[in-house]
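Step one of this worksheet: look at the structure below.
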2 protein chains.
Amino acid sequence: MDTPPQPHTTGPAPAPGPRGAAFLLAQIGAHAAARFAERVGQLGLVPADVGLLRMIATQPGRSQRALAEDLGVVPSRVVTLIDHLEGKGLVERRRSAADRRNHELHLTAEGTRTLGAVSRAAAAHEDALLAALDPEQRSHLSGLLARIATEQGLTPGVHPGYRNRAPA
Amino acid sequence: MDTPPQPHTTGPAPAPGPRGAAFLLAQIGAHAAARFAERVGQLGLVPADVGLLRMIATQPGRSQRALAEDLGVVPSRVVTLIDHLEGKGLVERRRSAADRRNHELHLTAEGTRTLGAVSRAAAAHEDALLAALDPEQRSHLSGLLARIATEQGLTPGVHPGYRNRAPA
DNA sequence: TATTGTTATACTCTATAACTATA
DNA sequence: TATAGTTATAGAGTATAACAATA
(Lines give C-alpha, C1' and ligand atoms only; values in the text may rest on other atoms or scores of the structure.)
Protein backbone atom coordinates (compact mmCIF):
# COMPACT_ATOMS: atom_id res chain seq x y z
CA MET A 1 0.00 0.00 0.00
CA ASP A 2 1.90 2.94 -1.27
CA THR A 3 0.66 6.35 -0.31
CA PRO A 4 -0.38 8.45 -3.27
CA PRO A 5 1.38 11.78 -3.62
CA GLN A 6 -0.65 13.94 -1.30
CA PRO A 7 -0.02 17.66 -1.57
CA HIS A 8 1.54 19.03 1.57
CA THR A 9 -0.79 21.49 3.20
CA THR A 10 1.80 22.27 5.84
CA GLY A 11 3.30 25.66 5.15
CA PRO A 12 6.56 26.59 6.83
CA ALA A 13 8.63 23.92 8.50
CA PRO A 14 7.22 22.97 11.91
CA ALA A 15 9.53 22.04 14.74
CA PRO A 16 11.33 19.15 13.05
CA GLY A 17 13.55 17.67 15.58
CA PRO A 18 15.00 17.31 18.97
CA ARG A 19 13.75 19.14 21.99
CA GLY A 20 16.19 18.02 24.67
CA ALA A 21 18.58 20.05 26.73
CA ALA A 22 21.59 18.55 24.94
CA PHE A 23 20.44 19.90 21.62
CA LEU A 24 19.62 23.29 23.11
CA LEU A 25 23.10 23.43 24.60
CA ALA A 26 24.71 22.69 21.24
CA GLN A 27 22.42 25.10 19.43
CA ILE A 28 22.81 27.98 21.86
CA GLY A 29 26.51 27.28 22.21
CA ALA A 30 27.06 27.60 18.47
CA HIS A 31 24.95 30.72 18.40
CA ALA A 32 26.88 32.22 21.30
CA ALA A 33 30.20 31.43 19.62
CA ALA A 34 29.05 33.04 16.38
CA ARG A 35 27.85 36.21 18.10
CA PHE A 36 31.09 36.45 20.06
CA ALA A 37 33.06 36.00 16.85
CA GLU A 38 31.20 38.96 15.39
CA ARG A 39 32.10 41.15 18.33
CA VAL A 40 35.79 40.33 18.44
CA GLY A 41 35.83 40.52 14.65
CA GLN A 42 35.23 44.23 15.03
CA LEU A 43 38.52 44.32 16.94
CA GLY A 44 40.25 42.54 14.05
CA LEU A 45 40.46 39.25 15.92
CA VAL A 46 39.13 35.74 15.51
CA PRO A 47 38.00 33.78 18.58
CA ALA A 48 41.14 31.67 18.57
CA ASP A 49 43.21 34.85 18.91
CA VAL A 50 41.32 35.75 22.06
CA GLY A 51 42.15 32.48 23.76
CA LEU A 52 45.80 32.87 22.91
CA LEU A 53 45.94 36.44 24.15
CA ARG A 54 44.41 35.36 27.45
CA MET A 55 46.82 32.49 27.89
CA ILE A 56 49.82 34.66 27.13
CA ALA A 57 48.56 37.34 29.52
CA THR A 58 48.09 34.76 32.26
CA GLN A 59 51.47 33.14 31.84
CA PRO A 60 53.85 35.42 29.96
CA GLY A 61 56.97 33.80 28.60
CA ARG A 62 55.42 30.46 27.71
CA SER A 63 56.90 28.68 24.71
CA GLN A 64 54.87 27.94 21.62
CA ARG A 65 55.30 24.26 22.30
CA ALA A 66 53.69 24.64 25.72
CA LEU A 67 50.78 26.55 24.25
CA ALA A 68 50.24 23.88 21.60
CA GLU A 69 50.18 21.28 24.34
CA ASP A 70 47.63 23.12 26.45
CA LEU A 71 45.38 23.91 23.52
CA GLY A 72 45.58 20.42 22.09
CA VAL A 73 46.72 21.62 18.68
CA VAL A 74 49.73 20.86 16.55
CA PRO A 75 52.71 23.22 17.02
CA SER A 76 52.65 24.37 13.43
CA ARG A 77 49.24 25.85 13.99
CA VAL A 78 50.54 27.95 16.85
CA VAL A 79 53.04 29.42 14.40
CA THR A 80 50.22 30.68 12.21
CA LEU A 81 48.18 31.98 15.12
CA ILE A 82 51.13 33.84 16.66
CA ASP A 83 52.15 35.14 13.24
CA HIS A 84 48.77 36.81 13.03
CA LEU A 85 48.97 38.33 16.49
CA GLU A 86 52.55 39.46 16.00
CA GLY A 87 51.61 40.99 12.65
CA LYS A 88 48.98 43.04 14.41
CA GLY A 89 51.50 44.15 17.00
CA LEU A 90 49.76 42.48 19.93
CA VAL A 91 52.30 39.80 20.80
CA GLU A 92 56.09 39.61 20.83
CA ARG A 93 58.36 36.63 20.27
CA ARG A 94 61.55 36.82 22.31
CA ARG A 95 64.35 34.32 21.98
CA SER A 96 64.91 32.64 25.32
CA ALA A 97 68.35 33.35 26.77
CA ALA A 98 68.34 30.05 28.63
CA ASP A 99 67.43 27.92 25.62
CA ARG A 100 67.76 29.72 22.34
CA ARG A 101 65.45 27.28 20.60
CA ASN A 102 62.49 28.67 22.53
CA HIS A 103 60.39 31.69 21.82
CA GLU A 104 59.06 33.36 24.94
CA LEU A 105 55.70 34.94 24.20
CA HIS A 106 54.69 38.29 25.67
CA LEU A 107 51.89 40.78 25.13
CA THR A 108 52.82 44.21 23.85
CA ALA A 109 51.29 47.31 25.38
CA GLU A 110 48.76 47.34 22.57
CA GLY A 111 48.09 43.68 23.18
CA THR A 112 47.17 44.49 26.75
CA ARG A 113 44.90 47.31 25.62
CA THR A 114 43.23 45.03 23.06
CA LEU A 115 42.67 42.40 25.71
CA GLY A 116 40.87 45.03 27.76
CA ALA A 117 38.63 45.80 24.81
CA VAL A 118 37.97 42.07 24.42
CA SER A 119 36.88 41.87 28.05
CA ARG A 120 34.39 44.67 27.53
CA ALA A 121 33.10 42.97 24.39
CA ALA A 122 32.72 39.72 26.32
CA ALA A 123 30.71 41.46 29.03
CA ALA A 124 28.39 43.02 26.46
CA HIS A 125 28.09 39.65 24.75
CA GLU A 126 27.15 37.93 27.99
CA ASP A 127 24.51 40.50 28.73
CA ALA A 128 22.99 40.28 25.25
CA LEU A 129 22.98 36.50 25.22
CA LEU A 130 21.26 36.23 28.59
CA ALA A 131 18.81 39.04 28.00
CA ALA A 132 15.91 36.67 28.59
CA LEU A 133 16.96 35.91 32.17
CA ASP A 134 16.92 37.96 35.32
CA PRO A 135 19.98 38.03 37.60
CA GLU A 136 18.76 35.20 39.78
CA GLN A 137 18.07 32.98 36.80
CA ARG A 138 21.46 33.80 35.33
CA SER A 139 23.18 32.77 38.49
CA HIS A 140 21.16 29.59 38.65
CA LEU A 141 22.06 28.80 35.04
CA SER A 142 25.74 29.40 35.69
CA GLY A 143 25.64 26.98 38.58
CA LEU A 144 24.04 24.23 36.54
CA LEU A 145 26.45 24.76 33.65
CA ALA A 146 29.45 24.73 35.96
CA ARG A 147 28.34 21.37 37.33
CA ILE A 148 28.08 19.93 33.84
CA ALA A 149 31.43 21.34 32.77
CA THR A 150 33.17 19.88 35.80
CA GLU A 151 31.57 16.48 35.48
CA GLN A 152 32.41 16.36 31.76
CA GLY A 153 36.04 17.12 32.50
CA LEU A 154 36.17 20.39 30.57
CA THR A 155 39.23 22.52 31.19
CA PRO A 156 38.19 25.86 32.70
CA GLY A 157 38.66 28.67 30.22
CA VAL A 158 39.75 26.51 27.28
CA HIS A 159 37.28 26.30 24.43
CA PRO A 160 37.23 22.89 22.71
CA GLY A 161 37.15 24.63 19.36
CA TYR A 162 40.93 24.58 19.30
CA ARG A 163 41.52 20.91 19.38
CA ASN A 164 40.89 19.30 16.04
CA ARG A 165 43.04 16.41 17.05
CA ALA A 166 41.62 13.22 18.49
CA PRO A 167 40.13 14.15 21.87
CA ALA A 168 41.69 11.22 23.72
CA MET B 1 61.34 50.28 35.93
CA ASP B 2 61.29 47.15 33.94
CA THR B 3 60.69 43.94 35.77
CA PRO B 4 63.63 41.53 35.59
CA PRO B 5 62.90 38.11 34.14
CA GLN B 6 61.44 36.31 37.11
CA PRO B 7 61.13 32.55 36.78
CA HIS B 8 57.52 31.45 36.78
CA THR B 9 56.84 29.43 39.86
CA THR B 10 53.34 28.67 38.59
CA GLY B 11 53.17 25.10 37.44
CA PRO B 12 50.28 24.00 35.27
CA ALA B 13 48.05 26.59 33.69
CA PRO B 14 45.60 28.07 36.19
CA ALA B 15 42.14 29.11 35.11
CA PRO B 16 43.14 31.55 32.37
CA GLY B 17 40.03 33.16 31.29
CA PRO B 18 36.40 33.82 31.34
CA ARG B 19 34.03 32.46 33.88
CA GLY B 20 30.67 33.70 32.65
CA ALA B 21 27.65 31.74 31.57
CA ALA B 22 28.14 32.78 27.94
CA PHE B 23 31.52 31.13 27.81
CA LEU B 24 30.24 28.03 29.57
CA LEU B 25 27.44 27.80 27.03
CA ALA B 26 29.87 27.99 24.11
CA GLN B 27 32.27 25.56 25.76
CA ILE B 28 29.68 22.99 26.73
CA GLY B 29 27.88 23.42 23.43
CA ALA B 30 31.01 22.62 21.44
CA HIS B 31 31.70 19.69 23.74
CA ALA B 32 28.16 18.39 23.33
CA ALA B 33 28.36 18.71 19.56
CA ALA B 34 31.65 16.82 19.47
CA ARG B 35 30.36 13.99 21.64
CA PHE B 36 27.20 13.74 19.55
CA ALA B 37 29.32 13.63 16.40
CA GLU B 38 31.19 10.67 17.86
CA ARG B 39 27.98 8.79 18.50
CA VAL B 40 26.40 9.32 15.10
CA GLY B 41 29.81 8.67 13.55
CA GLN B 42 29.42 5.09 14.72
CA LEU B 43 26.33 4.97 12.52
CA GLY B 44 28.33 6.24 9.56
CA LEU B 45 26.83 9.72 9.73
CA VAL B 46 28.03 13.24 10.33
CA PRO B 47 25.89 15.66 12.36
CA ALA B 48 24.73 17.48 9.24
CA ASP B 49 23.31 14.20 7.92
CA VAL B 50 21.17 13.86 11.01
CA GLY B 51 19.54 17.23 10.56
CA LEU B 52 18.74 16.44 6.94
CA LEU B 53 17.29 13.04 7.78
CA ARG B 54 15.05 14.65 10.37
CA MET B 55 13.85 17.35 8.01
CA ILE B 56 13.11 14.86 5.26
CA ALA B 57 11.27 12.61 7.71
CA THR B 58 9.20 15.53 8.94
CA GLN B 59 8.27 16.81 5.51
CA PRO B 60 8.80 14.12 2.88
CA GLY B 61 8.86 15.30 -0.70
CA ARG B 62 10.59 18.62 -0.08
CA SER B 63 12.80 19.89 -2.87
CA GLN B 64 16.50 20.41 -2.40
CA ARG B 65 16.02 24.09 -2.98
CA ALA B 66 13.55 24.27 -0.09
CA LEU B 67 15.97 22.45 2.19
CA ALA B 68 18.79 24.79 1.25
CA GLU B 69 16.54 27.72 2.08
CA ASP B 70 15.56 26.37 5.49
CA LEU B 71 19.10 25.41 6.44
CA GLY B 72 20.59 28.66 5.23
CA VAL B 73 23.09 26.97 2.95
CA VAL B 74 23.81 27.21 -0.74
CA PRO B 75 21.94 24.69 -2.95
CA SER B 76 25.14 23.10 -4.22
CA ARG B 77 25.94 22.01 -0.69
CA VAL B 78 22.65 20.17 -0.44
CA VAL B 79 23.69 18.21 -3.50
CA THR B 80 26.75 16.93 -1.69
CA LEU B 81 24.86 16.16 1.51
CA ILE B 82 22.09 14.27 -0.30
CA ASP B 83 24.66 12.46 -2.45
CA HIS B 84 26.15 11.08 0.73
CA LEU B 85 22.81 9.98 2.16
CA GLU B 86 21.67 8.50 -1.13
CA GLY B 87 24.97 6.66 -1.47
CA LYS B 88 24.34 5.06 1.91
CA GLY B 89 20.84 4.08 0.81
CA LEU B 90 19.06 6.23 3.38
CA VAL B 91 17.40 8.77 1.09
CA GLU B 92 15.80 8.65 -2.35
CA ARG B 93 15.58 11.34 -5.00
CA ARG B 94 12.38 11.13 -7.02
CA ARG B 95 11.72 13.31 -10.01
CA SER B 96 8.61 15.33 -9.38
CA ALA B 97 5.80 14.51 -11.81
CA ALA B 98 4.38 17.99 -11.51
CA ASP B 99 7.63 19.81 -12.22
CA ARG B 100 10.33 17.58 -13.57
CA ARG B 101 13.06 19.98 -12.52
CA ASN B 102 12.42 19.14 -8.87
CA HIS B 103 13.73 16.26 -6.84
CA GLU B 104 11.34 15.10 -4.15
CA LEU B 105 13.28 13.73 -1.21
CA HIS B 106 12.12 10.68 0.73
CA LEU B 107 13.57 8.37 3.36
CA THR B 108 14.09 4.75 2.43
CA ALA B 109 13.10 1.99 4.82
CA GLU B 110 16.69 1.83 5.96
CA GLY B 111 16.71 5.58 6.35
CA THR B 112 13.79 5.28 8.73
CA ARG B 113 15.57 2.56 10.68
CA THR B 114 18.74 4.61 10.86
CA LEU B 115 16.80 7.59 12.12
CA GLY B 116 15.49 5.39 14.91
CA ALA B 117 19.04 4.46 15.83
CA VAL B 118 19.94 8.15 15.80
CA SER B 119 17.14 8.87 18.25
CA ARG B 120 18.42 6.23 20.62
CA ALA B 121 21.93 7.64 20.29
CA ALA B 122 20.59 11.11 21.01
CA ALA B 123 18.85 9.89 24.15
CA ALA B 124 22.03 8.22 25.39
CA HIS B 125 23.96 11.36 24.56
CA GLU B 126 21.55 13.53 26.50
CA ASP B 127 21.78 11.28 29.51
CA ALA B 128 25.57 11.21 29.44
CA LEU B 129 25.89 14.95 28.97
CA LEU B 130 23.59 15.77 31.86
CA ALA B 131 24.92 13.08 34.19
CA ALA B 132 25.77 15.74 36.77
CA LEU B 133 22.15 16.84 37.17
CA ASP B 134 19.13 15.18 38.73
CA PRO B 135 15.81 15.16 36.88
CA GLU B 136 14.54 18.32 38.52
CA GLN B 137 17.72 20.20 37.68
CA ARG B 138 17.59 18.95 34.09
CA SER B 139 14.08 20.21 33.69
CA HIS B 140 15.01 23.54 35.19
CA LEU B 141 17.97 23.82 32.83
CA SER B 142 15.81 23.02 29.82
CA GLY B 143 13.43 25.77 30.79
CA LEU B 144 16.16 28.37 31.09
CA LEU B 145 17.74 27.31 27.80
CA ALA B 146 14.41 27.38 26.00
CA ARG B 147 13.89 30.95 27.16
CA ILE B 148 17.27 31.98 25.83
CA ALA B 149 16.72 30.20 22.51
CA THR B 150 13.38 31.88 21.99
CA GLU B 151 14.61 35.33 22.90
CA GLN B 152 17.64 34.93 20.62
CA GLY B 153 15.40 33.99 17.73
CA LEU B 154 16.83 30.51 17.21
CA THR B 155 14.81 28.23 14.95
CA PRO B 156 13.63 25.18 16.92
CA GLY B 157 15.46 22.07 15.83
CA VAL B 158 17.85 23.76 13.42
CA HIS B 159 21.46 23.83 14.45
CA PRO B 160 23.30 27.00 13.39
CA GLY B 161 26.24 24.88 12.29
CA TYR B 162 24.71 24.63 8.85
CA ARG B 163 24.70 28.20 7.87
CA ASN B 164 28.08 29.45 6.90
CA ARG B 165 26.46 32.24 4.97
CA ALA B 166 26.10 35.71 6.41
CA PRO B 167 23.70 35.42 9.35
CA ALA B 168 21.65 38.47 8.38
C1' DT C 1 70.47 12.25 18.83
C1' DA C 2 66.54 14.99 20.55
C1' DT C 3 63.85 19.21 20.55
C1' DT C 4 61.86 24.04 19.09
C1' DG C 5 60.13 26.42 15.73
C1' DT C 6 59.36 27.00 10.72
C1' DT C 7 58.21 25.92 6.03
C1' DA C 8 56.21 22.99 2.32
C1' DT C 9 52.78 20.02 0.95
C1' DA C 10 48.43 17.85 0.75
C1' DC C 11 43.85 17.33 2.08
C1' DT C 12 39.16 18.71 3.40
C1' DC C 13 35.46 21.63 3.21
C1' DT C 14 32.60 24.95 1.19
C1' DA C 15 31.14 28.88 -1.64
C1' DT C 16 30.94 30.87 -6.45
C1' DA C 17 30.01 30.39 -10.92
C1' DA C 18 29.26 27.98 -15.17
C1' DC C 19 26.28 24.50 -17.15
C1' DT C 20 21.95 21.20 -18.20
C1' DA C 21 17.30 20.26 -18.25
C1' DT C 22 13.12 21.69 -17.63
C1' DA C 23 9.56 25.26 -17.42
C1' DT D 1 13.74 34.19 -19.80
C1' DA D 2 13.69 31.96 -15.31
C1' DT D 3 14.36 28.06 -12.15
C1' DA D 4 16.11 23.24 -9.99
C1' DG D 5 19.78 20.73 -9.76
C1' DT D 6 24.57 19.55 -10.97
C1' DT D 7 29.40 20.07 -11.93
C1' DA D 8 33.86 22.69 -12.03
C1' DT D 9 36.77 25.71 -9.96
C1' DA D 10 38.90 28.25 -6.42
C1' DG D 11 39.69 29.68 -1.80
C1' DA D 12 40.22 29.13 3.24
C1' DG D 13 41.78 26.43 6.94
C1' DT D 14 44.49 22.92 9.01
C1' DA D 15 47.18 18.63 9.70
C1' DT D 16 51.45 15.99 8.22
C1' DA D 17 55.92 15.82 7.22
C1' DA D 18 60.36 17.64 5.92
C1' DC D 19 63.68 21.06 7.46
C1' DA D 20 67.03 24.37 10.13
C1' DA D 21 68.81 25.87 14.40
C1' DT D 22 70.02 24.69 18.90
C1' DA D 23 70.72 21.63 22.70
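A note on names: the letters A, B, ... follow the listed sequences, proteins ahead of strands, and every chain is numbered from 1.
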Practice problem: Give the intermediate values and the outcome of side-chain hydrogen bond (donor to acceptor under 3.5 Å, both in side chains) for residues B:Q64 and B:R93. | Solution: CA-CA 9 Å; B:Q64 299 183 192; B:R93 286 172 163 109; 3.0 Å; yes
Quiz item: Using the C1' atoms of five pairs at each end, what's the angle between the two axes of the helix from C:dT1-D:dA23 to C:dA23-D:dT1, to 10 degrees?
Solution: 20°
Quiz item: What pairs meet the ring-ring contact (aromatic ring centres under 6.0 Å, His included) rule with one or both residues in residues 130-156 of chain B, with sequence neighbours excluded?
Solution: A:H140-B:H140
Self-check item: Qualifying salt bridge (charged side-chain N to carboxylate O under 4.0 Å, His left out) pairs, either residue in residues 122-146 of chain B, two or more places apart
Solution: B:D127-B:R138
Practice problem: Nearest whole angstrom, please: distance from the P of D:dT3 to the CD of B:E69. | Solution: 13 Å
Exercise. May I have the distance from B:R62 (atom CZ) to D:dG5 (atom C1'), rounded to whole angstrom?
Key: 16 Å
Quiz prompt | A:V79 with A:L81, same ILVMFWY side-chain cluster at under 4.5 Å | solution = no
Quiz item: Can any side-chain N or O of A:S139 pair as donor or acceptor with the backbone N or O of A:P135 at less than 3.5 Å?
Solution: no
Practice problem: To the nearest 0.5 Å, tell me how far B:I56 CD1 sits from B:L67 CG. | Solution: 6.0 Å
Table please: side-chain donor-acceptor pairs of residues 110-125 of chain A below 3.5 Å, with sequence neighbours left out.
from, atom 1, to, atom 2, distance (Å)
A:T112, OG1, A:T108, O, 3.2
A:T114, OG1, A:E110, O, 2.9
A:S119, OG, A:L115, O, 3.2

Exercise. Round to a whole Å and report the spacing from CG of B:L71 to C1' of C:dA15.
Key: 15 Å
Exercise. Give one of base, sugar-phosphate or nothing for B:R95, where a contact means two heavy atoms less than 4.0 Å apart.
Key: nothing
Quiz prompt | Spacing of CD belonging to A:E104 relative to CD belonging to A:E92, to within rounding of 0.5 Å | solution = 11.0 Å
Quiz item: Between A:L67 (CG) and C:dG5 (P), how many Å, whole number?
Solution: 10 Å
Quiz item: About how many Å separate CZ of A:R62 and CD of A:E69, when rounded to the nearest 0.5 Å?
Solution: 10.0 Å
Practice problem: For DNA chain D, determine which residues of residues 97-105 of chain A have any heavy atom closer than 4.0 angstrom to one of its atoms, and list them numerically. | Solution: A:D99, A:R100, A:R101
Quiz item: Which of residues 79-91 of chain A have a heavy atom under 4.0 Å from DNA chain D?
Solution: none
Quiz item: Hey, does the side chain of B:R93 come within less than 4.0 Å of D:dT6's phosphate (OP1/OP2), counting only N and O?
Solution: yes
Exercise. Could you tell me whether the side chain of A:S76 has a donor or acceptor atom within less than 3.5 Å of a complementary atom in the base of D:dT14?
Key: no
Practice problem: Take A:K88 and A:D49, measure what salt bridge (Lys or Arg N to Asp or Glu O under 4.0 Å) needs, and give me the verdict at the end. | Solution: CA-CA 11 Å; A:K88 297 183 70 70; A:D49 293 335; over 6 Å; no
Quiz item: Got a second to check how far B:L154's CG is from B:I148's CD1, nearest 0.5 Å?
Solution: 9.5 Å
Quiz item: Atom CZ of A:R77 to atom P of D:dA12: distance rounded to whole Å?
Solution: 16 Å
